[in-house]
Structure formats: C-alpha cells, structure tokens
Amino acid sequence: MSTSQNQMHLAAFVTAGPGRPGGWRYPGSERNWLSASYYQHIGRVLEQGRFDLMFFADILSVPDRLGNSMDSQLRYGSLGSLRLDPTPILASVAAVTRHLGVAATVSTSYLEPFPVARSFATTDHLSDGRAAWNVVTSFQDSEARNFGNDRHIDRDKRYERADEFLEVACKLWDSWDDDALVVDPAAPLFADPERVHRIDHEGEWFSVRGPLNVSRPPQGYPVIIQAGASPKGRDFAARWSDVIFCSHASLESAREFYQDIKGRAVRHGRRAEDVKILPMANPVIGPTTEAARETERQLADLVPPLAGLSTLAYHLDIDLSGLPLDEPLPDVDVPGVQGHYKEVVEMTRRDGLTLRELGKRYGGRTEGAFVGTAAEVADGMERWYTEGACDGFTVGAVHTPGAFEDFVRQVVPELQRRGVLRTEYEGETLRDNLGLERPASGTWRNRRYGA
Ligand SMILES: Cc1cc2nc3c(=O)[nH]c(=O)nc-3n(C[C@H](O)[C@H](O)[C@H](O)COP(=O)(O)O)c2cc1C
C-alpha cells in the first residue's frame with residue numbers, strides 16, 4: 001500500500017435517477033437513468049479523473065413530507081422521485097473500470113445483516129476489492145411505512161441497531177479465514193472446514209448463526225462510509241467509518257467538523273488518518289467567472305421552489321408547507337438531519353434568503369463556494385484542503401454527465417499541476433488508494449460501542 005499524504009481524495013456523489021430538479025432539465029443532460037450505460041459512462045469519466053470512488057446515495061421511499069404529498073417530488077424530478085436500487089449498478093460500473101471504487105448506500109434500520117454482508121462481499125469480489133458501503137440509519141417515517149412500521153426508530157435506538165448490524169456484518173465477513181478457500185481439485189479440498197466458522201451471534205436486534213456463504217472479501221471489510229451529523233451519529237462514524245461524508249456552507253464549519261471527528265477517532269484508539277473526511281462540493285465551472293455565475297443562475301431558474309422545499313422538508317423531517325414563502329426559514333426543532341439544518345441556517349443568514357429562494361438553492365445544490373473558472377474552483381478546493389477542512393471532496397454534478405466531464409477535463413489537471421491530486425492510482429484496491437489498512441479478522445471488536 002502506498003499513497004501520498006499530501007494528495008486529496010475524491011468521491012463522486014451520484015443518484016441512480018435524476019436527483020436534482022434543475023440538473024435533469026439542463027440542456028445537454030443525459031436522461032437514460034434506466035440504462036447501465038448511463039452509469040458506466042460516468043464511471044469511466046471519473047476514472048479518467050483519478051477519483052477514488054463513485055458513490056450512490058439512496059432512500060427507500062418517495063418523499064411526501066411537504067404537505068403530505070409526493071406531488072412536487074414526482075412532478076419536478078426531485079431527490080427521491082425515481083431511484084434505482086444502487087447495488088446491482090455497482091457491479092455494472094466495476095465491469096468497465098479498473099481502479100474506481102464503487103459505493104452503495106444501504107440502511108441498517110430496515111434490512112438484515114446477512115443479505116447486506118453477502119451483497120457487499122460479492123461486490124468486493126466482483127470488483128477485485130473496490131466495494132464500499134455507505135451505512136445510513138434512515139430518518140423518515142415514509143421509509144418505515146415501506147417496511148411494515150408506522151414510525152421510524154428514534155435516533156438513539158437506530159444507532160444502537162446500526163452498531164449491532166455492523167458487528168454482525170463484520171463477523172460474517174470474518175467467518176471465512178483469509179485462506180479458507182483452497183480449491184485444490186486433486187486433494188480434493190474446495191474450502192477448508194477448519195477455517196470456516198459459524199458466528200452464533202445472539203444480540204438485542206439480530207440472531208444470526210452464519211457462516212456467510214461468500215469467502216472473506218478482498219479488502220477484508222469493504223470500505224465503510226458514514227455521514228452521521230448528530231453527536232450520536234458522529235460518534236458512530238468516528239468508530240466505524242473509513243470515509244465520512246458531510247456538507248458544510250463554509251470552510252469554518254467544515255474545519256470544526258473535521259477537528260471534532262478526528263478527535264473522536266483518536267479517542268477511540270484510531271489514528272486521525274484512518275478516517276477520511278470528504279465534504280460535498282458542487283462545482284459550477286465556466287470559461288470566465290461571470291459565465292460560471294450565469295450557469296448557476298440558469299440552473300437555479302430551472303428549479304421550482306417547491307422542488308427544493310419538498311427535499312428540505314424530507315431532510316429536516318418537518319412539513320414546511322404552512323410557512324410563508326417570502327420570509328426566511330424560522331428557527332425550528334429538527335427531528336431530521338441536523339447537518340443539513342445547520343447548513344441552511346448558515347446560508348439563510350449569510351445570504352438573506354427567503355424560504356422561496358432557499359427552496360431554489362436547496363433544489364439546485366449549487367451553493368457558491370466552488371463557482372468560477374477551473375482555476376478558481378481549484379483555488380477554493382485547494383484552500384479547504386490545505387487549511388485543515390477536509391481530506392478531499394465528495395463532488396456532485398449540477399447536471400449530469402456534463403458537470404463531471406467539465407470537472408475532469410478542466411479542474412482535475414489544475415489540481416494535478418498543483419500536486420494536490422494523484423496523476424496515477426497508487427494501488428489495486430480502494431483501501432490502497434485511500435491509504436487505508438486492510439482490516440485483520442476481528443477488527444470489529446475495537447469498533448463497536450463501548451470498545
Ligand atoms: C453527503 C451526504 C450524503 C448522504 N447520503 C444519504 C443517503 O444516500 N441516504 C440516507 O438515507 N441518508 C444520507 N445522508 C444522511 C446521513 O446518513 C445521516 O442520516 C444524516 O447526516 C443525519 O445524521 P444523524 O442521523 O446523526 O442526525 C447523507 C448525508 C450527507 C451529508
């Protein structure tokens with residue numbers, strides 16, 4: 001394993017569907033979300049740009065938190081309007097790339113550890129060690145209703161379940177020793193029974209005998225990604241994650257988060273560099289600063305305010321439909337995603353936004369930090385990176401695939417010239433490229449709550 005300590009890591013934020021209500025309407029955007037070739041093309045572009053991984057967000061319902069209606073999500077092609085299951089897409093992207101990591105979001109609140117561990121072990125094998133799992137705990141009653149419950153589990157309980165879920169998944173990945181699969185036709189010895197173990201897990205949430213019916217993944221454990229923002233979520237992320245996603249409206253809040261998470265990881269006996277923190281960046285690039293601003297305006301014009309507000313209502317888990325559109329978002333108690341609330345409060349105050357403007361901005365997700373020429377975007381990213389706000393970025397495309405193509409063609413060479421981005425992949429597996437150790441069997445013991 002070799003990786004440069006002073007080079008940033010890049011993940012790409014992708015949805016298996018339109019995702020952004022302005023992006024899919026933007027001229028030149030591709031709209032074949034139902035075809036593998038759409039995702040394979042993006043994967044190839046990202047690999048040319050030496051991205052570490054392509055990450056698929058996911059949710060398990062069509063959001064209806066705004067006025068108890070799915071209307072604006074469906075009508076405007078917002079965040080949760082159409083979402084393919086990302087897991088099979090990973091294999092199709094891995095088949096046309098060699099180095100790019102492939103990550104899917106899977107919730108620990110509704111599924112069971114056995115099929116999830118099996119699915120990621122399979123993807124890790126099929127991709128020769130490039131699989132990653134974005135572990136989410138979900139936050140919406142609308143998701144619970146698709147799994148036989150009226151209400152979602154409360155935050156403390158869902159992180160307890162997530163802890164046990166990850167413990168069981170890791171035990172299952174460890175249930176085959178690394179050398180258990182022998183495949184000696186002469187002996188004959190296919191798999192050594194001495195080296196494949198039942199796990200006999202009996203816990204509060206799960207009872208799983210094991211072993212897994214897939215041999216230990218090439219990476220030991222697939223790369224674990226998390227995006228917890230509440231104190232409980234941050235603590236969980238600091239213990240289990242290899243990569244952390246977050247979104248921040250300013251370098252200062254990103255830096256505060258970065259220091260907090262690294263401190264928590266160290267308190268849990270890990271090294272600060274064992275956890276890579278990659279905040280969102282949504283670059284809008286133009287030949288001149290003014291041209292980039294014009295593209296940003298054009299994209300915002302394509303977003304009806306309700307398209308963004310229905311997504312914000314979903315994220316905050318608050319019905320915003322009764323609030324006046326021409327006044328700012330008032331102070332509210334947020335049962336949903338604290339990190340997104342903090343971000344929109346900061347944007348609202350800084351830019352004096354009304355709720356209507358916030359809806360457009362939130363739907364477009366084109367907040368200003370990275371708008372300009374390729375050199376200006378690279379300046380901004382380099383500044384966040386060198387000033388201790390991140391280990392790299394989760395890059396979103398404001399329209400697809402054009403914004404990824406522009407980024408790779410224009411910003412990537414700028415970053416490479418400055419020496420802050422790799423020009424070649426360093427290793428074979430995603431862990432190698434992220435500069436992460438391959439976990440030995442039993443590593444989960446140091447990660448679970450109270451370890
Ligand atoms: C960049 C980013 C991507 C995320 N992607 C997803 C996702 O795809 N699916 C999901 O259910 N939650 C997603 N989340 C939400 C987090 O998993 C988490 O629920 C949220 O940050 C709230 O944290 P908390 O549970 O600690 O309050 C994402 C968050 C961020 C910042």
Side-chain angles (χ1 to χ4, degrees), residues 10-17 19-20 53-63 65 78-80 83-87 89-90 103-111 132-144 146-147 152-163 165-166 224-241 243-249 253-254 257-258 260-261 264 276-282 311-312 314-318 333-344 346 362 365 367 390-397:
L10 296 180
F13 182 95
V14 182
T15 49
R20 289 171 196 256
L53 66 126
M54 176 172 179
F55 151 74
F56 287 86
D58 197 29
I59 53 179
L60 297 167
S61 67
V62 178
R65 199 66 181 89
S78 275
L79 178 94
R83 283 293 178 98
L84 269 60
D85 177 350
T87 307
I89 302 176
L90 303 190
T105 297
V106 173
S107 173
T108 53
S109 292
Y110 301 114
L111 307 172
W133 170 15
N134 180 34
V135 177
V136 297
T137 53
S138 306
F139 46 85
Q140 270 292 326
D141 291 344
S142 67
E143 294 176 300
N146 289 333
F147 292 88
H152 189 32
I153 318 166
D154 16 292
R155 180 176 280 112
D156 280 3
K157 280 276 165 206
R158 67 193 188 233
Y159 277 115
E160 280 170 25
R161 181 180 158 110
D163 245 310
F165 198 115
L166 275 175
I224 302 293
I225 304 172
Q226 228 277 326
S230 61
K232 196 97 183 174
R234 289 181 185 209
D235 184 68
F236 177 85
R239 282 184 287 111
W240 286 105
S241 313
V243 173
I244 292 181
F245 290 157
C246 49
S247 59
H248 292 280
S253 69
F257 180 83
Y258 187 86
D260 178 75
I261 293 285
R264 285 173 195 260
K276 309 293 181 198
I277 302 178
L278 310 180
M280 283 294 303
N282 290 300
T311 298
L312 184 60
Y314 171 77
H315 279 153
L316 304 186
D317 196 11
I318 294 178
D333 271 338
V334 171
V337 182
Q338 309 292 326
H340 290 323
Y341 179 59
K342 195 162 172 280
E343 187 191 356
V344 292
E346 198 173 338
Y362 202 75
R365 305 296 272 155
E367 55 270 24
C390 63
D391 296 306
F393 294 89
T394 302
V395 178

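Computed from heavy atoms alone, side chains included, the values below leave out hydrogens, waters and symmetry copies. Every number for a ligand or one of its atoms is a count from 1 in the order of the listing. All values reported here derive from a predicted model rather than from experimental measurement.
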Evaluate the side-chain proximity of Phe56 to Thr87: yes if any heavy-atom separation is below 4.5 Å, no if none is. no
Could you tell me how the ring of His248 sits relative to the ring of Phe257: parallel (under 30°), tilted (30 to 60°) or perpendicular (over 60°)? tilted
Asp260: what forms a side chain to side chain donor-acceptor pair (under 3.5 Å) with it, not counting sequence neighbours? Arg234, Arg264
List the residues meeting ring pair (Phe, Tyr, Trp, His ring centres under 6.0 Å) with Tyr314, not counting sequence neighbours, and say none if there are none. Phe139
For Glu160, all residues meeting salt bridge (Lys or Arg N to Asp or Glu O under 4.0 Å), sequence neighbours excluded: Lys157
Under 4.5 Å between any side-chain heavy atoms of Gln226 and Ile261, yes or no? no
Pairwise, report which nitrogen or oxygen atoms of ligand 1 are under 3.5 angstrom from protein nitrogen or oxygen atoms, and how far apart they are.
residue, atom, partner, partner atom, Å
ligand 1, 8 (O), Asp58, N, 2.8
ligand 1, 8 (O), Asp58, O, 3.3
ligand 1, 9 (N), Asp58, O, 2.7
ligand 1, 21 (O), Ala227, O, 2.6
ligand 1, 23 (O), Ala229, N, 3.2
ligand 1, 25 (O), Tyr159, OH, 2.8
ligand 1, 26 (O), Tyr159, OH, 2.8
ligand 1, 26 (O), Ala229, N, 3.0
ligand 1, 26 (O), Ser230, N, 2.9
ligand 1, 26 (O), Ser230, OG, 2.6
ligand 1, 27 (O), Arg155, NE, 3.2
ligand 1, 27 (O), Arg155, NH2, 3.0

